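One structure is given here, and the rest of the page talks about it.
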Amino acid sequence: MNPVTLPATELPLLLEPGKPPVLPTPELPDLFRARAWLSEQRAAIRTELLRHGHLLIRGLPITRPEEFAELRDILVERRAAYKEKATPRSAYGDDVYSSTDLPPAQPIHLHNENSYTLDFPGLLIFCCLEAPEKGGATTVADVREVLAALPDGLVERFREAGWLLTRNYHSHVGLPWPTAFATDRREAVEEYCARNLIGFEWTGESGLRTVQRRSALVRHPVTGEEVWFNHAAFWSRWSLDEEVLDVLAMTYGEDGLPFDTAFGDGTGLTAEDVATLNAAYDTATRRESWQPGDLMLVDNVLSAHGRDAYQGGRKILVAMGELVTLQECAPTVRPAPGPLA
């Protein structure tokens with residue numbers, strides 16, 4: 001698959017080092033004019049999104065979730081669901097959610113949404129209704145740049161073996177399995193896992209353990225560019241604070257952590273491996289402080305996203321769309337259930 005050449009556009013993007021591209025809007029006094037402007041610029045916006053991987057639109061008159069949903073429907077052709085849930089979210093209706101309900105003091109590392117599923121949203125749209133007093137940026141990183149920053153030897157190991165995700169669903173940490181799979185029926189979970197190439201076993205009275213192997217590198221279905229696309233660093237034990245890791249290991253055992261990752265052949269990642277991955281993300285990270293009415297578009301295959309810790313109120317919404325299948329992205333490793341022992 002040869003990378004495509006993108007046409008030039010006339011959008012007045014503001015490009016600053018360390019920040020995502022910002023597209024200021026003309027004066028848009030009401031939602032009617034905002035809809036018209038977005039409709040006119042949609043093709044150019046999507047072209048620039050492919051070029052940069054993410055794009056912040058500033059100056060839209062959005063004050064309520066339903067207004068965000070209206071503009072979302074101009075930019076998104078097909079909505080996408082949130083599957084195999086991993087973080088708590090609040091639902092606002094019409095497929096609009098809070099970006100996350102994790103505590104403000106907890107930063108969220110960069111990741112590609114649902115990189116561990118067999119299909120995933122190709123487009124994420126974030127919207128700011130209330131900006132925090134301090135911090136709280138939705139960080140982004142072009143994963144083409146992340147891949148280019150990684151050492152060849154480490155990349156080749158992941159290219160050949162893929163990555164392995166192990167999840168342990170507990171009652172008192174993370175999301176319990178009925179929430180993650182949106183069902184309280186064990187049979188439905190078993191059917192889902194079998195259908196989606198996930199190894200599983202029930203643990204204790206209320207626990208579940210799943211293991212799945214996925215490709216760590218894929219190609220964008222439109223541009224053909226190879227990218228770094230996984231949660232290998234995000235959910236590694238070596239990305240946890242040392243004290244948190246110690247508590248979780250003492251409580252649930254070394255094999256009972258809520259999340260852990262490895263090379264796809266089961267070989268464990270070292271702390272040095274994960275530090276190298278996180279350093280590559282850091283090199284590519286871009287951030288811009290939120291302003292009310294901002295929209296942030298993220299191509300979920302070309303860009304990872306995260307969140308800085310913050311102080312004060314923060315109300316960031318998210319919607320997902322343009323479902324992409326893993327098979328469309330030329331994975332280097334075939335997806336498979338992982339070993340359970």
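In this text the structure is predicted, and so the values were computed from the model without any measurement.
- The distance from atom NE2 of H54 to atom NZ of K19, rounded to the nearest 0.5 Å, is 13.0 Å.
- Linking Ile, Leu, Val, Met, Phe, Trp and Tyr residues whenever their side-chain heavy atoms come within less than 4.5 Å leaves M296 and L23 in two separate clusters.
- There is a side-chain donor-acceptor pair under 3.5 Å between T270 and D273.
- Counting non-hydrogen atoms of other residues, nucleotides and ligands closer than 6.0 Å to CZ of R186 gives a total above 12.
- The distance from the CZ atom of F126 to the CG atom of L317 is 10.5 Å, given to the nearest 0.5 Å.
- Linking ILVMFWY side-chain heavy atoms closer than 4.5 Å, directly or via other members, places V318 and L49 in two distinct hydrophobic clusters.
- Considering CD of E187 and CD of E190, their distance stands at 6.0 Å, rounded to 0.5 Å.
- In this structure, N168 contributes its side chain and F259 its backbone to no donor-acceptor pair below 3.5 Å.
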Audit row: R314, R307, side-chain contact (heavy atoms from CB on, under 4.5 Å) steps and yes/no: CA-CA 12 Å; R314 182 182 189 271; R307 188 198 72 183; 3.5 Å; yes
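- Here the closest non-hydrogen pair linking P21 and L13 is CB-CD1, 4.3 Å.
- The aromatic rings of H305 and H111 are tilted relative to each other, their planes meeting at an angle between 30° and 60°.
- In the displayed structure, R33 atom CZ is contacted under 6.0 Å by at most 12 heavy atoms of other residues, nucleotides or ligands.
- Separation of atoms NE2 (H231) and CD (E113) is listed at 6.5 Å; rounding is to 0.5 Å.
- The hydrophobic cluster containing L197 also contains L165, counting ILVMFWY residues as joined when their side-chain heavy atoms lie under 4.5 angstrom apart, directly or transitively.
- V301 places none of its side-chain heavy atoms less than 4.5 Å from the side chain of N112.
- Hydrophobic clustering (ILVMFWY, side-chain heavy atoms < 4.5 Å, transitive): F263 and F234 are in one cluster.
- If you run side chain to side chain contact (heavy atoms under 4.5 Å, CB included) between L123 and each of N300, V324, D299, V76, only V76 comes through.
- Here CZ of F68 is found 12.5 Å from CG of L31. Values are rounded to the nearest 0.5 Å.
- A161 and V333 get closest at one heavy-atom pair: C-CG2, 3.7 Å.
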Please walk me through it: do E145 and T283 pass side-chain contact (heavy atoms from CB on, under 4.5 Å)? CA-CA 8 Å; E145 295 181 22; T283 298; over 6 Å; no
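- Cluster membership check: L297 shares its hydrophobic cluster with L11, using side-chain heavy-atom separations under 4.5 Å among Ile, Leu, Val, Met, Phe, Trp and Tyr.
- Within 6.0 Å of CG in D152 there are 12 or fewer heavy atoms belonging to other residues, nucleotides or ligands.
- Look at R79 and D94 and you find a salt bridge, because one of the NZ, NE, NH1 or NH2 atoms lies within 4.0 Å of a carboxylate O, short of that distance.
- The backbone N or O of R78 lies less than 3.5 Å from a partner atom in the side chain of E322, making a donor-acceptor pair.
- Using modelled atom types, one side-chain atom of R89 and one backbone atom of S99 make a donor-acceptor pair closer than 3.5 Å.
- Of the charged side-chain nitrogens involved, none lies within less than 4.0 Å of a carboxylate oxygen, so that E77 and R46 do not count as a salt-bridged pair.
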Step by step, would you call H109 with Y281 a ring pair (Phe, Tyr, Trp, His ring centres under 6.0 Å)? CA-CA 9 Å; H109 294 292; Y281 281 115; 8.9 Å; no
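- Although no hydrogens or angles enter the test, the distance criterion places a donor-acceptor pair under 3.5 Å between the side chain of T332 and the main chain of R159.
- In terms of heavy atoms, G306 sits closest to L110 at N-CD2, 3.6 Å.
- For R144 against E226, the heavy-atom pair with the smallest separation is CG-O, 4.1 Å.
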Given the rule in the side-chain contact (heavy atoms from CB on, under 4.5 Å) test, do D246 and E242 qualify, once you have shown the distances and angles that lead to the verdict? CA-CA 6 Å; D246 288 344; E242 187 174 349; 4.1 Å; yes
Given the rule in the side-chain contact (heavy atoms from CB on, under 4.5 Å) test, do T325 and L118 qualify, once you have shown the distances and angles that lead to the verdict? CA-CA 6 Å; T325 67; L118 297 184; over 6 Å; no
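- Within the 3.5 Å criterion, the main-chain N or O of V298 finds no donor-acceptor partner in the side chain of S303.
- Cation-pi geometry between R167 and W177 is not met: the NZ or CZ atom fails to fall both under 6.0 Å from the ring centre and inside 45° of the normal.
- More than 12 heavy-atom neighbours from other residues, nucleotides or ligands sit within 6.0 angstrom of CD on Q106.
- For an aromatic pair to be called close, the ring centres must be under 6.0 Å apart, and Y116 with W235 satisfies this.
- The CH2 atom of W238 sits 6.5 Å away from atom CG of L245, with the distance rounded to the nearest 0.5 Å.
- Side chains of T47 and T9: a donor-acceptor N/O pair is absent below 3.5 angstrom, by distance only.
- Between F181 and F200, the distance from one ring center to the other does not fall under 6.0 angstrom.
- The two atoms that bring T276 and P151 nearest to each other are CG2-CD, 3.6 Å, heavy atoms only.
- Between A232 and L269, the shortest heavy-atom distance links the atoms O-CD1, 3.9 Å.
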